[in-house]
Amino acid sequence: MSTEEKSAAPRSLAEALRVRDDVSLAALLRSRPDLITPVPTDLTQLATRAGTRASVVRALERLDRFALQTAEALAVAPDPASYGELLALMGGDEEDPAVAAALPRAVTLLREQALLWGADDRLRLVRTARELLAPSPQHPSPTGLGPSVREATAGMSPGRIQEILGAVGLPSTHDSVSAVSALGTLFADRRRMAGLLAELPAESREVLARLVWGPPYGQVTHDPAAHLRALLDRGLLLPTAPGTVVLPREVALHLRAGRAHRAPEPVPPAVEAAATHRPQVVDATAAGQALAALATVEELLKEWDEGGPAVLRAGGLSVRDLKRTAVALDVPEPVAAFWVELAYGAGLIASDGEADERYAATPAYDEWRELPPAERWAHLAGTWLTATRTPGVVGGRDAKDRTLSALGPDLDRSAAPEVRHRVLSLLAGLPEGASPVEASVLARLRWERPLRGPQREQREQRENRTGDARDDDLRSRIARWTLSEAELLGVTGRGALAAPGRALIGAPEAPRPAAQAQESEPEGPGDKLPVHHHRMPPAATPPTPAERAAATATAARLLAPLFPEPLDHVLLQADLTAVAPGPLERELADVLGVLADVESKGGATVYRFTPGSVRRALDAGQSAAELHAFLARHSRTPVPQPLTYLIDDVARRHGRLRVGAASAYVRCDDDATLDEILADKRAAALGLRRLAPTVLAAQADPAALLEGLRAIGFAPAAESAAGDVLIARADSHRTPPRAAPEPVPDGPPAPDDTLLAAAIRAVRAGDLASTAPRKPAPGSGEGEGEAPGGSLPRTGAAETLATMQAAVLTGEALWIGYVNAEGAASQRVIAPIRVEGGFVTAYDHTADEVRTYPLHRITGVAELADDAG
């Protein structure tokens with residue numbers, strides 16, 4: 001390297017950032033948004049923030065496996081290291097061609113992330129990253145390497161070091177530093193090390209082989225065996241503590257043929273296809289699942305229409321209420337938790353906020369029900385894709401060993417939206433109609449995000465104790481839940497991504513090969529198709545709200561033709577059932593849901609008419625004639641005679657008894673009916689007594705009296721204080737307007753282009769202000785044009801005013817220190833325009849606009865040097 005090149009080489013991360021263009025800085029700030037929260041004053045502060053532990057840990061967690069392996073290799077390489085040394089550590093003496101091809105991308109990525117700086121001949125890992133990744137007894141390196149010879153001999157006596165030199169055939173030196181250097185040079189020499197190892201007994205080489213890939217530490221007694229003594233005498237094992245020895249890094253690298261990692265992974269694992277199906281079959285299956293999802297959510301809200309379960313004091317559903325909901329929906333409890341959380345995330349249910357707090361539907365539910373089916377599904381699917389609430393953790397334990405309940409707190413997992421989107425993106429990369437091998441999806445995700453910080457791992461272990469024995473990280477578990485939830489929701493069909501699901505994530509429509517289009521039957525599950533999915537995903541930029549809205553609208557448009565047209569008829573059968581061969585129109589479904597009970601669901605829904613269901617319709621204000629007309633109008637088959645008799649029989653007895661509020665009473669024009677009630681032993685619990693020939697008084701309240709008489713076999717009707725029959729219409733209980741829960745972001749939100757441009761402009765201007773050469777103050781002794789030391793200029797009020805007034809006349813720019821109303825100090829370069837009334841109006845080069853500053857907030861002023869650019 002020439003003298004000019006050396007002088008141009010950056011000497012710090014700040015200097016490396018200073019030579020970047022705006023596009024490169026924008027890429028850095030977009031990938032590490034914590035660096036502009038708040039916006040740094042200049043590039044030096046940006047570099048300092050990029051080297052903080054929290055920021056570096058977050059950046060390392062977002063590296064793929066090969067980029068992380070590259071950073072780990074740099075942490076055990078000399079500082080600085082050349083690109084050739086790094087390549088030797090990654091590819092070994094044999095120079096793996098795949099590693100050589102992938103290494104430039106990894107180095108570029110580390111540079112873009114500001115984790116690495118310097119030219120190719122002087123690569124430097126950021127100090128904090130090196131401290132995190134370098135091996136130590138407390139934190140072993142993933143490479144399995146131990147300390148270098150220099151580090152391992154730091155506390156060793158000079159005499160012992162000279163003894164080791166003599167044992168390996170090196171001449172003694174006058175100081176320990178040169179002795180350690182000579183020993184390290186020997187261990188790094190392949191030819192000389194091979195000769196040294198050849199002299200050892202086989203037992204000694206076996207010990208080295210056991211330590212070579214880590215952990216590099218071992219235990220020895222105070223009187224080691226001969227084969228161990230041979231290693232200790234030659235420095236091939238060095239003591240680190242009483243009874244503990246370590247394999248020096250240089251020796252391990254020789255035994256590994258120069259490789260820092262046993263198995264470098266330069267190429268991401270392929271996502272394999274387990275089976276393929278015709279795209280039409282996938283879309284049809286997904287549409288059926290989407291219809292079932294809508295029906296399930298509506299059934300859930302129907303159960304809670306008059307007020308749902310009570311809210312636990314700590315928030316959420318009780319275990320008993322979740323079990324009841326699962327029974328009502330006829331699904332397992334984890335699936336019930338998914339539907340409850342989905343409805344909650346979509347803003348369809350919430351707490352009513354009353355003194356006796358319960359869950360209920362929100363006003364948004366009524367608006368949602370009026371939407372077309374495809375739009376209702378798109379709203380649910382879009383909510384699921386971006387939600388951070390993770391129903392899969394329901395039933396686990398939180399940090400205080402409390403059970404995590406559905407709808408309760410502590411269910412947010414900030415990684416969930418990213419993992420869901422990435423899993424669906426991997427499915428979109430498969431041939432259309434192909435379902436993935438789950439293990440290959442998980443392996444790919446682990447390659448893309450392998451590192452989990454120790455603190456984060458401990459927190460996840462506390463938050464996600466579910467009782468199963470699988471040692472899965474949270475991202476893998478979310479990926480498994482994503483695959484199953486996507487199938488439940490209809491985003492996938494038969495495990496393959498459907499066309500609406502592809503649109504939901506903004507993926508382009510996949511081309512359909514001719515051979516695939518002609519396929520008539522899906523392939524068997526044993527037909528596994530490896531997929532060439534080795535391209536790295538582009539930098540993920542979170543979609544804007546407008547883009548998400550467009551994606552859900554497109555998904556709804558693609559799904560709408562796949563839904564069958566709602567039917568306006570049912571098929572009545574003689575066994576008091578009605579069969580709906582498809583989805584019903586809203587009005588027909590609502591009335592039929594009151595008049596009959598759902599007996600089975602599926603492609604065709606079966607309704608059963610019972611005395612209780614018919615009485616429910618009569619209580620809702622329907623007459624027998626209206627029910628007969630309704631069935632005749634909507635049945636494609638004649639109304640069966642048993643159903644007609646059932647309606648007439650229930651209607652004839654309906655309302656003969658009247659129950660009102662005294663405490664409660666029963667009145668009936670037929671005193672024989674009252675005699676029958678009094679004689680029935682089952683009515684004893686109601687505390688009935690005759691007040692008049694046609695009136696009975698009860699000790700029970702009206703609601704309990706109604707239920708008791710119905711249980712005996714009568715059909716009473718409630719009446720008002722005026723004696724009118726009360727129509728028992730279901731009172732839909734609604735919460736006050738509630739906003740849907742907001743996702744919990746994983747760190748600061750990604751900045752948009754406008755914020756990035758403003759931040760870069762502010763950082764550049766602040767850097768100009770802090771690095772602009774200035775004229776020295778009189779008597780300061782500084783040379784003209786000397787760079788500032790970083791402190792604010794200090795001048796008296798009179799001198800500041802005089803300098804400002806002179807600059808107005810000459811048009812020169814000044815460097816000032818300014819303290820705002822919050823007490824934050826900053827440096828600025830301004831060109832004064834006017835000074836009056838205790839204020840200076842100037843063009844601020846830092847902010848790139850004209851501003852007015854109070855003179856009393858200016859700490860001092862200095863003139864810029866003549867060559868300041």
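In this text the structure is predicted, and so the values were computed from the model without any measurement.
With Asp283 as reference, Leu562 is the one residue of Leu562, Leu559, Leu558 to meet the side-chain contact (heavy atoms from CB on, under 4.5 Å) rule.
A salt bridge is defined here as a Lys NZ or Arg NE, NH1 or NH2 lying under 4.0 Å from an Asp or Glu carboxylate O, and Arg633 with Asp568 fails to meet this definition. The existence of a salt bridge linking Lys302 and Glu298 is excluded, since no basic side-chain nitrogen approaches an acidic carboxylate oxygen closer than 4.0 Å. The pair Arg324-Asp321 meets the salt-bridge criterion, since a charged nitrogen lies less than 4.0 angstrom from a carboxylate oxygen.
In this structure, the side chains of Leu424 and Leu385 come closer than 4.5 Å at one or more pairs of heavy atoms. A 4.5 Å side-chain heavy-atom check between Gln573 and Thr637 finds every atom pair outside the cut-off. For the pair Pro500/Trp377, a side-chain contact is recorded, criterion being any heavy-atom separation below 4.5 Å from C-beta on. Between Trp339 and Leu488 the shortest side-chain heavy-atom distance falls below 4.5 Å. Contact of the Arg446 side chain with the Asp473 side chain is registered, since non-hydrogen atoms from C-beta on lie closer than 4.5 Å. Two residues are said to be in side-chain contact when any heavy atoms from C-beta on lie closer than 4.5 Å; Arg389 and Thr383 fail this criterion. At a threshold of 4.5 Å between non-hydrogen side-chain atoms, the residues Leu567 and Glu585 do not count as touching. Contact check for Pro564 versus Leu291: side-chain heavy atoms found under the 4.5 Å cut-off.
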- request: Apply the test side-chain contact (heavy atoms from CB on, under 4.5 Å) to residues Leu572 and Tyr607: give CA-CA distance (whole Å), side-chain angles for both, the deciding distance (0.1 Å), then the verdict.
  value: CA-CA 9 Å; Leu572 297 178; Tyr607 295 86; over 6 Å; no
- request: In sequence, state the C-alpha distance, the side-chain angles, and the governing distance for Arg449 and Glu418, and then conclude on salt bridge (charged side-chain N to carboxylate O under 4.0 Å, His left out).
  value: CA-CA 11 Å; Arg449 290 288 177 83; Glu418 179 196 354; 2.8 Å; yes
- request: Show the numbers, then the answer: is there a side-chain contact (heavy atoms from CB on, under 4.5 Å) between Val423 and Arg475?
  value: CA-CA 10 Å; Val423 168; Arg475 289 175 61 86; over 6 Å; no
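In this structure, the side chain of Trp481 does not engage the main chain of Arg420 through any donor-acceptor pair within 3.5 Å. A side-chain donor-acceptor contact under 3.5 Å links Ser613 to the backbone of Leu595. Side chain of Ser440 to main chain of Glu272: a donor-acceptor pair is present (N/O by atom type, distance under 3.5 Å, no hydrogens or angles). Checked by atom type and distance alone, the side chain of Glu112 never pairs as donor or acceptor with a backbone atom of Leu28 at under 3.5 Å. Checked by atom type and distance alone, the side chain of Gln289 pairs as donor or acceptor with a backbone atom of Glu487 at under 3.5 Å. Judged purely by atom type and a 3.5 angstrom limit, Gln69 uses its side chain to pair as donor or acceptor with the backbone of Glu265. Proximity of a side-chain donor or acceptor of Trp368 to a complementary backbone N or O of Ala346 within less than 3.5 Å is not detected. A donor-acceptor contact shorter than 3.5 Å is absent between the side chain of Thr577 and the backbone of Arg608. A donor-acceptor pair under 3.5 Å links the side-chain atoms of Thr390 to the main chain of Thr388, judged by distance alone. Judged purely by atom type and a 3.5 angstrom limit, Arg502 uses its side chain to pair as donor or acceptor with the backbone of Ala428.
Atoms CD1 and CD, from Ile478 and Glu485 in turn, are 9.5 Å apart once rounded to the nearest 0.5 Å. Separating the CG atom in Leu300 from the OH atom in Tyr365 is a distance of 8.5 Å, to the nearest 0.5 Å. How far CG of Leu504 is from OG1 of Thr552: 7.5 Å, rounded to the nearest 0.5 Å. One distance of note links CZ of Arg422 with OG1 of Thr482; it measures 13.0 Å at 0.5 Å rounding. Between the CZ atom in Arg369 and the CG atom in Asp590 there is a gap of 5.0 Å [rounded to 0.5 Å]. Summarising the geometry, atom OG1 belonging to Thr492 is positioned 7.5 Å from atom CG belonging to Leu483; distances are rounded to the nearest 0.5 Å.
Residue Leu430 comes nearest to Ser435 through the heavy atom pair CD1-C, 4.2 Å, listed as atom of the first residue, atom of the second, then distance. In this structure, Thr325 and Trp304 approach most closely via the heavy-atom pair OG1-CZ2, 3.8 Å. Taking all atoms of both residues into account, the shortest heavy-atom contact from Glu341 to Ala406 is OE2-C, 3.7 Å. Minimum interatomic distance between Ala360 and Thr735 (heavy atoms only, all atoms of both residues): O-CG2, 3.6 Å. When all heavy atoms of Thr70 and Val107 are compared, the closest pair comes out as CG2-CG2, 4.4 Å. Closest heavy-atom contact between Gly316 and Ser405: CA-OG, 3.8 Å.
The closest side-chain donor-acceptor pair between Thr754 and Asp752, if any, does not fall under 3.5 angstrom. Residues Gln113 and Ser31 bring a donor and an acceptor atom of their side chains to less than 3.5 Å of each other.
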